[in-house]
Amino acid sequence: EAGDAAQVLGLAPRAAIEAAAVGSHREAALQLAAALRFADDAAPAVRAQLFESWSYEAGLSLAIDEQVIDARHQAIALWRREGRIDKVGLNLRWLARLHWYRGESALAEQYAEEAVATLEPLPPGPELAWAYSVRSQHFMLQDQTDLAVHWGERAIALARQLGQAEILCHALNNVGTAEMFAGRAGG
């Protein structure tokens, strides 16, 4: 409350990390919101990370509203200017999930496609594997088994190549669920 931008920008994100680590996502969102009040004083990459982190924490604990979605768009714009295409892809993937949670499947699919298209020109990494798995998940949730399996298998292969167990689990669940719902023995 003293208006010391440097202190708030330095301490609030650290406090948010500690709050999130113990499951207090609402407190993390509040700490990041405090830092965002001073975001104009921060370097572009710091601002982008603040918007990205606040969107995640607020989406978990407050509401998936226009502010949460707008924060992702602001992060994308800042990361683009910083040349961090990997972070652009990460935020596009999260926009896909946020819109899906809100029941906006067309927008979810648009952002999922855009995330893949953004990340595929880069060297293969975890963000691309996540983008593949999110596409798989969207198709699984829409009972589009063949597309769910196609994207899931791409995610599985890349997750295995990268040694990314969490992504592998996510993709295997997508494929298995899609196949199970379709009555396939492999599910």
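In terms of modelled atom types and a separation under 3.5 Å, the side chain of Asn173 and the main chain of Cys169 share a donor-acceptor contact. With Gln137 contributing its side chain and Ser133 its backbone, the two residues share no donor-acceptor pair below 3.5 Å. Between the Ser24 side chain and the Ala20 main chain, no donor and acceptor come within less than 3.5 Å of each other. With hydrogens and angles disregarded, no donor-acceptor distance shorter than 3.5 Å links the side chain of Asn174 to the backbone of Met140. Judged by distance alone, with hydrogens and angles left aside, the side-chain atoms of Arg93 form no donor-acceptor pair with the main-chain N or O of Ala115 at under 3.5 Å. With hydrogens and angles ignored, the 3.5 Å screen pairs no side-chain donor or acceptor of Ser55 with any backbone N or O of Phe51. Between the Ser61 side chain and the Glu57 main chain, a donor and an acceptor come within less than 3.5 Å of each other.
Of all the heavy atoms in Val175 and Gly152, the pair that sits closest is CG2-CA, 3.6 Å. The two atoms that bring Ala35 and Ala12 nearest to each other are CB-CB, 3.9 Å, heavy atoms only. The two residues Leu158 and Pro124 have their closest heavy-atom pair at CD1-CB, 3.7 Å. Across Ala148 and Ala178, no two heavy atoms sit closer than the pair CB-CB, 3.7 Å. Summarising the geometry of Ala34 relative to Val8, their closest heavy-atom pair is O-CG1, 3.6 Å, with the distance given to 0.1 Å. Taking each heavy atom of Ala108 and Trp100 in turn, the nearest pair found is CB-N, 3.7 Å.
Taken to the nearest 0.5 Å, the CZ atom of Arg154 stands 11.5 Å off from the OG atom of Ser136. With rounding to the nearest 0.5 Å, the separation of CE in Met180 from OG1 in Thr145 is 11.0 Å. Between Leu36 atom CG and Arg47 atom CZ the span is 10.5 Å, to the nearest 0.5 Å. Annotation: the span from Arg84 atom CZ to Arg81 atom CZ amounts to 15.0 Å, rounded to 0.5 Å. From His138, atom NE2 reaches atom CD of Glu113 across 11.0 Å, with rounding to the nearest 0.5 Å. Between the CG atom of Asp4 and the CG atom of Leu11 there is a distance of 9.0 Å, given to the nearest 0.5 Å.
In this structure, Arg97 is positioned above the aromatic face of Trp94, its NZ or CZ under 6.0 Å from the six-membered ring centre and within 45° of the axis.
The shortest side-chain heavy-atom distance between Leu107 and Gln110 falls under the 4.5 Å cut-off. In this structure, the side chains of Trp151 and Val116 come closer than 4.5 Å at one or more pairs of heavy atoms. Side chains of Leu128 and Leu122 form no contact here, defined as non-hydrogen atoms less than 4.5 Å apart. Counting heavy atoms from C-beta outward, Glu109 and Phe139 have side chains that approach closer than 4.5 Å. His73 places a side-chain heavy atom less than 4.5 Å from the side chain of Leu95. Counting heavy atoms from C-beta outward, Asp70 and Asp65 have side chains that stay 4.5 Å or more apart.
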Determine whether Leu50 and Leu9 satisfy the following criterion, side-chain contact (heavy atoms from CB on, under 4.5 Å), listing intermediate values before the conclusion. CA-CA 9 Å; Leu50 287 171; Leu9 289 168; 3.8 Å; yes
For Phe181 and Asp143, what are the C-alpha separation, side-chain angles and deciding distance, and is it a side-chain contact (heavy atoms from CB on, under 4.5 Å)? CA-CA 8 Å; Phe181 286 163; Asp143 294 323; 4.3 Å; yes
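No single ILVMFWY cluster, assembled from side-chain heavy atoms under 4.5 Å apart, contains both Leu119 and Ile167. In terms of hydrophobic clustering, with Ile, Leu, Val, Met, Phe, Trp and Tyr side chains grouped at heavy-atom distances under 4.5 Å, Ile64 and Leu92 are assigned to a common cluster. No continuous path of hydrophobic side-chain contacts links Val134 to Ile69 [ILVMFWY only; heavy atoms under 4.5 Å]. When the side chains of ILVMFWY residues are joined at heavy-atom separations under 4.5 Å, either directly or via intervening members, Ile76 and Leu98 end up in a single hydrophobic cluster. With hydrophobic clusters built from ILVMFWY side chains whose heavy atoms lie under 4.5 angstrom apart, Tyr111 shares a cluster with Val88.
The local environment of CD in Glu166 is sparse, with at most 12 non-hydrogen atoms from other residues, nucleotides or ligands closer than 6.0 Å. The neighbour count for Arg102 CZ, taken as heavy atoms of other residues, nucleotides or ligands under 6.0 Å away, is above 12.
Among Glu82, Glu52, Glu127, the one residue that satisfies the salt bridge (charged side-chain N to carboxylate O under 4.0 Å, His left out) test with Lys87 is Glu52. Across Trp54, Tyr101, Tyr56, a single residue satisfies side-chain contact (heavy atoms from CB on, under 4.5 Å) together with Val68, and that is Trp54.
Centroid-to-centroid, the aromatic rings of Tyr132 and His170 stay 6.0 Å apart or farther.
Under the 4.0 Å criterion applied to side-chain N and carboxylate O atoms, Arg184 and Asp146 are assigned as salt-bridge partners.
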